[in-house]
Amino acid sequence: MTMTLDLHSRTAHELRDALRSGETTAVEIAQSYLDRIADVDSRVMAYLDLWEEYALEEAGALDERLAKGEDPGPLAGIPIALKDNFCTTHGTTGCASRILRNFESPYEGTVVTRLKDAGAVLLGKLNMDEFAMGSSTENSSVQPTHNPWDIDRVPGGSSGGAAASVAADEAAIALGSDTGGSIRQPAAFCGCIGMKPTYGRVSRYGLVAFASSLDQIGPFTKDVEDLALIMNVICGRDPLDATSADLPVPDYSESLGREVSDITIGLPKEFYTDALNDEMRAKVDAAVAVLKEQGARVIEVSLPHTDYGIAVYYIIAPAEASANLARFDGVRYGFRHPDAKTVEDLYKLSKSEGFGREVQRRIMLGTYVLSSGYYDAYYLKAQKVRALIRQDFDRAFEQCDVIITPTTPTAAFKLNEKIDDPLQMYLNDVYTNSANLAGVPGVSIPCGLTDTGLPAGMQIIGKPFDEETIIRVAHAYERNRGFDPGKPPLE
Amino acid sequence: MEYEPVIGMEVHVEISTKSKVFCGCANEFDAPPNTHVCPICLGMPGVLPMLNRAMVEASIAVGLALDCTISRWSKMDRKNYFYPDQSKNYQISQYDLPLCHDGHLDIEVGGETRRIRIRRAHMEEDTARNVHTLGSGESGVDFNRCGVPLLEIVTEPDLHSAEEAHAYLTALKQILEYLDVSDCNMEEGSLRAEPNISIRPKGSEELGTKSEVKNIASFSGVQKAIEFEIRRHKKILDEGGAVQQETRGWDADKGLTIGQRLKESAHDYRYFPEPDLVPIVVDQAWEDTIRETLPELPLPRRARIREAYALSEFDAGVITATKPMADFYEATLSAGAPPKQAANWLMGDFQALLSDSKTEIQENKISPEQLAEMIALIEDATISGKIAKDLLAEMFDTGKDPKALVEEKGLVQISDAGELEAMIREVMESHPGPVADFRSGKHKAKGFLVGQVMKLTKGKGNPQLVNKILDEELEKT
């Protein structure tokens, strides 16, 4: 038997090649990841629901198919884990919330089906901020997740479990969701790649909704080639999602290894202000210099309504959430308070005990901004400003092909550091939420370590449905950055 | 003081599409509880709605039939409120941009035509049904109805009497049935009418405070509820009081309305655009395609049928009351029946058979061709009109062809003069009294003799021939 020790540290495309060449088997790969999880997850605490037996069974079935000469698909044998807000018919789908604890979905989301059809081996469900509301994964009702680079620090959020699992080699690829930065920010904090595709590029059917007009599913990967690999599987029109775009999906692997000499990079001046930590700024500057060396042109652009992004986001997202989360009422499924005697009590008690503080705060915010007498001043105004933010991007993209910014103003902060100050927590999304408001795609890619050994992330934002160019630029950077970001010191 | 009632009408119609409005579940009444449900209509976490195209098309058809403007661009909205008959605790509806708006419907009341303006017609989803009759002190929710497509049709306050409200509902229902978009069954809840009523001093332009009445299960109930409300408002105003804006429920047994909810406690529905659905764009081409498929509507069809077949206004109205009836009538004519005779049979004996057996004309066993054939048998004197009545009943029960039945039962009329003459003589011989009476000038006696002849022929004697021969025989001395 081949030594399985190192399999978990490989990328998905390396695993794919190893599997196809006969070097290893799907079962060995799955076992290597399960061993790794057994080793480190008591410290990282990324997993909420681990599917050990299921993963080995699926891997075994794949090995049988491979032995028969069948092609089980582009993700054959790749261990993939999912954020806890993906509906799966195996295991539980709890959104890290008490109100959905032990909830078993009667159906499977579109993206989950696509992964399975592509041969992926699903490992389980990953921690998150409750209902994806948060930037540190501390709002999980189950457990906090720890940053693999520094166990005292947060992994970011809300897809903190997904980012940490990939960074700690507990999954080859993980899928998360991004409503205001919930993929890109944790990817930056954990030193992996995280992409939020264009709104409408990936079906949301089976993703438990937080803010429907902002939510988008996206992947966490170890390198850009894996990003292309997974994007080829999850993107495309879904007849079950009216907001999924009916546009052809390119083969993203064709964006790999290409030149960037015809690319113009825009640096939005509104992002490079005093709020940005010097060290982070230096990392992004150095990364842009790498692309410049490769022939890319760099210009300054303006996104004049950037300052309003957070305010607009914290009106629209809670407004939609207040309706989306209304269904969790203890009537049909989920947590039902045992003391409820009347219908009204049933609602009040189940929701008061079922939802955590941050979720309740956002439901109240959203209810308020939609209320009669406040709608025009808040929700409607926010929608108008949202249109201006979208227009900012349209105008900027008349001059450039991609926009590059830092993903976050600082590197990962410490657990409990910001949990009592929601406004400070909200400011974590300052560089990421405008891409959600505008619906444009963005990726965070590691661009070095700070002096204290924490990952820094560079954000590359592209035109709507132009994930190809983002992947091309990201890959050019990754090939030429001249350093290996390394692995977190978990050992 | 003399008052003028001002009435507006909200009608919710369940559109009979094959599947529900946002999912693929069957849209069917009367299935066992919670058998037509799926994750989407149950509002499970993570599901998304997909708007049923057939619902949009049916709604546009109704809008066009009501002379509405069809919005080139409209959207769905979320209407937020908590109730266990909602799976999501919001209803997907249309708020500020309805699919259809600014139409009208002409109604006839007391020989006058009145134009009732339609403010809007918008799409939404029906709620589940709460069941409180489980007997265990528990309540159940049946989600079969949750997500059934509803069209809400709202008038301007253009109605001024209970009678006009009734006429409006009748005309609206007729159009919906002609379009074949709904069962329009008030008892089953596929059509729900909610009038709002206010009164004002005659001649005043200002609107009074209105009350809205719910839970009405029939058109006559609507009429009675409106009449009750007009009386109630009058009494309050005459006594110097003020009408409260409120929602009231109709108690059909007691014949009165009961206050349910004051305006002050009205919900704040916190409407906002449904982010899970894309805008509904209806271009001219789509609208035209639907317009082309519209059937001939009740009013024009009535006028055409009246003129083309020289029917009375009344007959044309009855014939076109429902589309299946009008279709049946015209199919009977196509099969060769004379218009007046076809109308008489359809409105008379045939209608009685349908009513007595509670059968819809489109589900009955007689085809238009068979009815035309039966009428032809009368026309060519094969059978008498009296025999035809029995024959029609037999056809209605069995669905057999009239010719076959006539042969099978030996119903062919006796038109053989010699045969009839012999029978008439027989009757005259056995009833010398009436014969003598007739001959002495008591002409009424003839009726008795005809009856006896028909009895002897078992009803099959050709009536004209029997009369003629009898006359001849009685003339002889």
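Naming convention: chains lettered A, B, ... in sequence-line order (proteins, then strands); numbering from 1 in each chain.
Ranked by non-hydrogen atom pairs under 4.5 Å with chain B, the options A:G109, A:A209, A:P239, A:S105 are led by A:P239. Across B:V278, B:I40, B:N80, B:D276, the residue that shares the most heavy-atom pairs under 4.5 angstrom with chain A is B:D276. Taking chain B as the reference chain and counting heavy-atom pairs below 4.5 Å, the highest number among A:G334, A:S203, A:C87, A:S371 is found for A:S371. Most heavy-atom pairs under 4.5 Å with chain B, from the set A:L100, A:N324, A:N85: that is A:N324. Note: A:S372 leads A:S372, A:G373, A:S322 in heavy-atom pairs under 4.5 Å with chain B.
A donor-acceptor pair is defined here as one N or O able to donate and one able to accept, closer than 3.5 Å; no such pair exists between the side chain of A:R327 and the backbone of B:S87. A distance-only check finds no donor-acceptor pair linking the side chain of A:Y107 to the backbone of B:M44 [under 3.5 Å].
Heavy-atom neighbours of A:K381 NZ from other residues, nucleotides or ligands within 6.0 Å: at or below the threshold of 12.
Taking both residues in full, the closest heavy atoms of B:N89 and A:A326 are given as ND2-O, 2.7 Å, listed atom of the first, atom of the second, then distance. The two residues A:Y375 and B:P273 make their nearest non-hydrogen contact at OH-CD, 3.7 Å.
Using a 4.5 Å cut-off between heavy atoms, B:E274 does not touch chain A at all. In this structure, no portion of B:Y269 lies under 4.5 Å from any heavy atom of chain A. Within the 4.5 angstrom heavy-atom criterion, only side-chain atoms of B:Y90, from C-beta onward, approach chain A.
Sequence neighbours left out, not one pair with a member in residues 13-60 of chain B passes ring pair (Phe, Tyr, Trp, His ring centres under 6.0 Å).
Ring pair A:Y379/B:F272 is perpendicular by interplanar angle, where above 60° counts as perpendicular and below 30° as parallel.
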